[in-house]
Amino acid sequence: MGALEQVDPEVAAVIRHEEGRQQAVLEMIPSENYASAAVIEAVGSVLTNKYAEGYPGARYYHGNRFVDDVENLARDRAKALFGYEHANVQPHSGTQANMAVYLGLLNPGDTVMGLKLDAGGHLTHGSPVNASGLLYHFVSYGVDRESHLVDYDEMLALAKEHRPKIIVVGATAYPRVWDFQRARAIADEVDAVLMADMAHLAGLIVGGAHPSPLGFAPVMTTSTHKTLRGPRGGMVLSDRRYRLRIDRGVFPGSQGGPMMHVIAGKAVMLKEAATPEFRAHAVQIVANAKALAAALIDAGIVLISGGTDNHLVLVDVRPLGLNGVQAADALEAAGIVVNSNPIPFDTLPPREGGGIRFGTPAITSRGMGEAEMKVIGQGMARILQAPADEGVRDQVAKTVRELTARFPAPGVPVR
Ligand code: DSN
């Protein structure tokens with residue numbers, strides 16, 4: 001970090017400290033991961049200097065010979081990886097990807113359906129404090145009170161009543177598999193477009209560790225930095241028939257110049273994700289989550305939906321006398337980083353949350369397997385059951401130090 005150290009030692013120090021933190025903790029927020037050193041190198045390149053409003057071959061600025069190449073690489077690799085006919089790799093985030101689809105396919109005030117926030121839906125699935133909920137008329141379906149599985153009967157009944165133009169499937173906090181075939185049948189019944197927000201699941205889909213929405217949802221959005229292990233950003237994949245409207249929804253609809261350095265990082269990520277090693281990694285993420293869930297259940301912890309089919313686990317911490325923030329604070333004190341989260345039919349305000357959400361993408365990227373998950377799950381349960389016990393905290397923190405030393409975080413310098 002030669003130049004930065006010289007020019008701005010304060011920022012250099014922050015980055016060094018964050019590198020140390022990332023190496024030292026078990027990062028279990030299920031939407032976080034480690035981009036590879038190659039991805040970080042691309043994002044840190046001089047492509048950040050280039051303005052390229054428009055699309056390859058049709059830009060509003062000159063000098064795009066090389067950035068056109070990198071955007072075409074990213075688009076072609078995205079199409080090949082997910083099987084869709086069209087890819088837009090410019091969205092700055094998953095949120096931007098979702099908003100661009102709405103902008104391209106809807107008029108303000110149109111009706112859309114998405115999963116309720118406390119059932120695991122995302123802010124862009126119609127939260128009243130988000131632009132999605134302010135600009136469009138969202139109707140929310142939920143999960144069953146007992147099983148915590150998506151209530152497709154409710155989805156159908158609401159769809160028939162409200163005739164949405166888009167039905168969004170996908171979530172930020174849903175531990176089970178989506179039934180795309182059933183959702184498509186519901187969308188067809190009311191002539192809606194099925195849109196799959198696969199921000200959390202895209203990397204699993206690549207590895208066959210979660211079904212693909214291809215063939216059921218003509219539009220798929222994703223962020224690129226979660227299970228895909230790319231740079232911060234988003235993408236939209238779609239059937240050819242939506243290409244122009246979605247491209248216009250991204251630019252000029254909701255964004256100006258694309259971040260060409262980030263698009264270069266996405267291209268690198270898409271190459272890495274197309275390898276057999278990545279597919280095996282995706283399968284391991286799910287195997288690890290199941291092992292983690294089993295360890296927690298064995299220790300008496302209550303899991304939303306009783307387990308997991310994917311990369312994440314949601315725990316109801318209310319039976320432990322805690323709210324989500326208190327539980328996450330206790331775990332972080334031992335070096336285990338999770339986030340507080342609302343849970344279905346939550347009785348606590350969203351700021352506290354009745355649950356915690358965590359998962360295995362980042363710790364699987366470190367190379368950990370099911371044996372380590374058992375140890376981690378047991379440690380987490382001990383802390384959740386005795387959050388004020390300093391002896392327990394110190395013992396678990398020691399285990400965390402041993403694990404993080406044995407399994408270094410990839411792409412994060414050790415100084
Ligand atoms: N913040 C992301 C997550 O954690 O799931 C969603 O945008």
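Excluded from the calculations below are hydrogen atoms, water molecules and symmetry mates; all remaining heavy atoms, backbone and side chain alike, are included. Both counts, for ligands and for their atoms, begin at 1 and track the order of listing.
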Participant: In terms of side-chain geometry, is the basic nitrogen of Lys290 or Asp309 positioned less than 4.0 Å from the acidic oxygen of its partner?
Facilitator: yes

Participant: Charged N to carboxylate O under 4.0 angstrom, Arg16 versus Glu19?
Facilitator: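 Judged by the 4.0 Å cut-off on N to carboxylate O distance, Arg16 and Glu19 do not form a salt bridge.
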
Participant: Any side-chain donor-acceptor pair under 3.5 Å between Glu370 and Gln284?
Facilitator: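 Indeed, the side chains of Glu370 and Gln284 share at least one donor-acceptor pair under 3.5 Å.
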
Participant: Please tell me whether Asn310 and His200 have a donor and an acceptor in their side chains that are separated by less than 3.5 angstrom.
Facilitator: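 No, because no side-chain N or O of Asn310 sits under 3.5 Å from a partner of the opposite role on His200.
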
Participant: Would you please name every residue forming a ring pair (Phe, Tyr, Trp, His ring centres under 6.0 Å) with His148, sequence neighbours left out?
Facilitator: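 Applying ring pair (Phe, Tyr, Trp, His ring centres under 6.0 Å) to His148 gives none.
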
Participant: Kindly tell me which protein residues have any non-hydrogen atom under 4.0 angstrom away from an atom of ligand 1, grouped by chain and ordered by number?
Facilitator: Ser31, His122, Thr172, His200, Lys226, Arg357

Participant: Classify the ring geometry of Tyr136 against Phe138: parallel below 30°, tilted from 30° to 60°, perpendicular beyond 60°.
Facilitator: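 Ring orientation, 0 to 90° scale: perpendicular.
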
